[in-house]
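Please read the structure below before turning to the comments.
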Amino acid sequence: MCGIVGGVGKIDFRNYLINGLKKLDYRGYDSAGVAVLDHKHLFLKKMPGKVEELSACLPASLPGTVGIAHTRWATHGEPNERNAHPHISMKRKFALVHNGVIENFKAIKKDLFKHGYGFLSDTDSEIVVDLLEYNYHGDVLAAIKKTMGELEGSYACAIIHADEPNRLYFMKNASPLLLGKGEGANYLASDAGAMIGLTESFVDLEDGDYGYLEPDGYAIFADGNPVEREIVARSKDFYDDDLHGYPHYMIKEIHEIPSVLRRLLDNYLDDGFVFDKNMLSMIKMASSVHFLACGTSFYACKVGVKYFRSIGKRSGASIASEWAYDPYDIGENPFFIILSQSGETADLIKCQKVINDNNLPNLVVTNSKGSTLERKATFSSLLYAGVEVAVASTKSYLAQIAYLALLVASLKSDGRVEGDIRTLISSIEKILADDSKIKKLAYERKDATDAFYVGRGYDYLAALEGALKMKEVAYVHAEAYPGGELKHGPIALIQKGTLVVGYITDAEKEASSRNNFVELASRGADILVVSDEKYTREGDLLSFPAVPEYLGVGPSVVISQLLAYYLAEAKGLPIDKPRNLAKSVTVE
Ligand code: M6R
């Protein structure tokens, strides 16, 4: 779960590699490193910590002809200098950066050890650079091909050979890697965002691809034969990651929600719904719609399940990492919907492979055009949310909910959804226009150590997402429970001052939920009720302008995002990059 970046040719390596790493540190920020070859001299600097710390230790310029860099989310080996990339082979012929996990690294390490190799790090990646050197007999491409045949697992690697200052080699399997075509220079990275500004022409590599870049060209091979891959254009507008005056990406991205929802309407409505007709008829014919996702996207799926059930379609949702163990439990003729902001989540890639191997149809709904999941999908739809930088998913959750509402409405040709989403937008705008009360409530609770998020029906789904935000951003132990479940055990944990966030957006369940809140208050809980103004009662601390019930999760979740954000701010936490996390979970 790392990010790699590299280039060859006339390049200001210091700027390119450091800026590229900054764009990729959503993939991990445990350590960072660069290597640049200048004639025969290899400059290498790597260290634990964020890219900014590495940058502060680099000279003003990094002259050279070929360079690579890495930002790490530690899998094998703690985040320290030894385990940071780039790794250098024992005889110093090769330098390499790797994103992925080498599953058979112990066996290879043992073999290399027998051949006299010693190791400096605890990583699985270091064996790759030594294996390349061991397999090298004068032809780097041949060494790469042989090495790929011996590796099991996922990898995207950028490789420098000490005697070839005008070539940057690469190889890829099951980890993302793109080439960028420049003028007098060529680039590669885990994500186009790292190369944007230098080029808008990209080549998405396929699994099994390897080859090299030179300043004026490149070559791609698969199975020993040259292959052509399509050149695709990606506009720099999508990658705008300027903070625009906001102190953090998380708050900026929450404030972008209304414009994201408007853009979604523009893309999926145009004198009627704009969805692939073939896809709609496959969904109609399917015996069930099954959702797969992780984290926040999974909680959006749970909303999608309710939408599909509301039109009489059998529907369910599974957490991707669990479904992969029990993939056939979905009945005959299913249609899969995979939700993934990044389009690169490893557990989903594994599920999609099972789905594709069984020739089953799948729709990928993602924010990342050209991502691994999008490219392998039967159908794909974009969220048009713009780049989401903060590790905490915010605007993409709202886009996912609105997309699913539009999709289901299109299946029953119900045009009312447009007005409903516009009502949702205006409700959210009013919340955002003055969030001072949310901020005050959050600051007053900055010492909370535990929180319970409670609701029924859609409100329980809002609770799930609210609790996740509180955990990951504010480091408060937070649990979501359906109101009816509290008395089956968890209420034992409620004591004086325990924070409870409760949601009320639904007439049918209001009375039962309010009873739950009274029961919790009698045991001393600090109850913070979030309600749709249609149901607001005296004592509810946060009320939002009314929306249709099926969209009530929208404002409830935006308020929960703000609560988590301000509580984290009050605690002085690293909001955009919480500890131990990465934006894109590219290892299982
Ligand atoms: O890119 P994806 O939507 O596939 O990511 C799924 C989860 O990793 C992600 O939603 C994660 O839970 C967020 N950090 C939550 O804010």
Side-chain angles (χ1 to χ4, degrees), residues 1 3 24-29 73 176 190-191 193 248-251 253-254 257 291-304 317-324 336-352 362-374 376-377 380-383 385-401 403-404 453 461-462 464-476 478 480 557-558 560-565 568 573-588:
M1 217 156 79
L24 294 180
D25 69 0
Y26 71 87
R27 305 179 67 87
Y29 33 82
W73 187 86
S190 306
D191 179 326
H248 299 101
Y249 285 106
M250 183 175 173
I251 192 74
E253 288 161 4
I254 294 172
I257 290 170
F291 284 91
L292 293 165
C294 307
T296 289
S297 297
F298 175 67
Y299 296 144
C301 288
K302 291 184 77 78
V303 177
S318 301
I319 289 179
S321 55
E322 288 296 311
W323 185 81
F336 288 92
I337 301 185
I338 296 173
L339 290 197
S340 176
Q341 187 283 130
S342 64
E344 297 294 349
T345 299
D347 290 315
L348 283 167
I349 293 172
K350 189 170 167 185
C351 292
Q352 193 190 41
N362 58 92
L363 159 67
V364 167
V365 183
T366 179
N367 199 27
S368 307
K369 192 169 168 45
S371 59
T372 305
L373 286 166
E374 203 234 337
K376 302 257 163 72
S380 66
S381 290
L382 293 175
L383 294 170
V387 65
E388 192 177 65
V389 177
V391 164
S393 215
T394 54
K395 59 180 176 173
S396 56
Y397 175 85
L398 272 294
Q400 288 168 334
I401 300 295
Y403 172 87
L404 292 170
Y453 282 67
L461 306 187
L464 286 166
E465 178 55 11
L468 177 59
K469 288 290 95 84
M470 189 56 97
K471 281 184 261 229
E472 71 171 333
V473 178
Y475 305 164
V476 175
V557 163
V558 170
S560 312
Q561 293 170 351
L562 291 165
L563 268 177
Y565 172 79
L573 296 175
I575 292 175
D576 289 331
K577 292 178 186 165
R579 69 182 172 216
N580 303 337
L581 290 170
K583 180 72 182 159
S584 194
V585 182
T586 56
V587 290
E588 285 171 25

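Just follow the structure's listing: the first ligand is 1, and inside any ligand the first atom is 1. Since the structure is predicted, the reported quantities are computational estimates derived from the model, not experimental observations.
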How far is [atom] from its nearest protein heavy atom, and which residue and atom is that?
atom                    : value
atom 16 (O) of ligand 1 : Glu472 OE2, 2.2 Å
atom 8 (O) of ligand 1  : Val585 CG2, 3.8 Å
atom 7 (C) of ligand 1  : Cys294 O, 3.7 Å

### Query
Pairs in or reaching into residues 291-301: which pass side-chain hydrogen bond (donor to acceptor under 3.5 Å, both in side chains), with residues at least two apart or in two chains?
Thr296-Glu465, Thr296-Lys469, Ser297-Gln400
### Query
With distance as the sole criterion, is a donor-acceptor pair present between the side chains of Asn367 and Glu388 under 3.5 Å?
no
Please identify which atoms of ligand 1 are closer than 4.0 Å to at least one heavy atom of [X].
X      : result
Ala392 : 16 (O)
Ser342 : 1 (O), 2 (P), 4 (O)
Ser340 : 1 (O), 2 (P), 3 (O), 4 (O)
Thr296 : 10 (O), 12 (O), 15 (C), 16 (O)
Lys469 : 15 (C), 16 (O)
Thr345 : 1 (O), 2 (P), 4 (O), 5 (O)

### Query
Any N or O on Val391 sitting closer than 3.5 Å to an N or O of ligand 1?
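In this structure, Val391 places an N or O atom under 3.5 Å from an N or O of ligand 1.
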### Query
So which heavy atom on Ala293 is nearest to which on Cys301, and how close?
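So the two residues come closest at CB-SG, 3.5 Å.
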### Query
Looking only at heavy atoms, which two atoms of His248 and Tyr565 are closest? And how far apart?
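Smallest heavy-atom distance, with atoms named: ND1-OH, 2.7 Å.
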### Working for ring-ring contact (aromatic ring centres under 6.0 Å, His included), residues Phe336 and Trp323
CA-CA 12 Å; Phe336 288 92; Trp323 185 81; 5.4 Å; yes
### Task
Inspect the surroundings of NZ in Lys471 and state if more than 12 heavy atoms from other residues, nucleotides or ligands are less than 6.0 Å away.
yes
### Query
Considering residues at least two apart in sequence or located in another chain, which fulfil the side-chain contact (heavy atoms from CB on, under 4.5 Å) criterion with Ala568?
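Here the qualifying residues are Val473, Ala474, Leu573, Ile575.
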### Task
Would you please determine whether Glu344 falls within less than 4.0 Å of ligand 1 on a heavy-atom basis?
no
### Task
Only one of Leu383, Leu382, Leu373 passes side-chain contact (heavy atoms from CB on, under 4.5 Å) with Thr366; say which it is.
Leu382
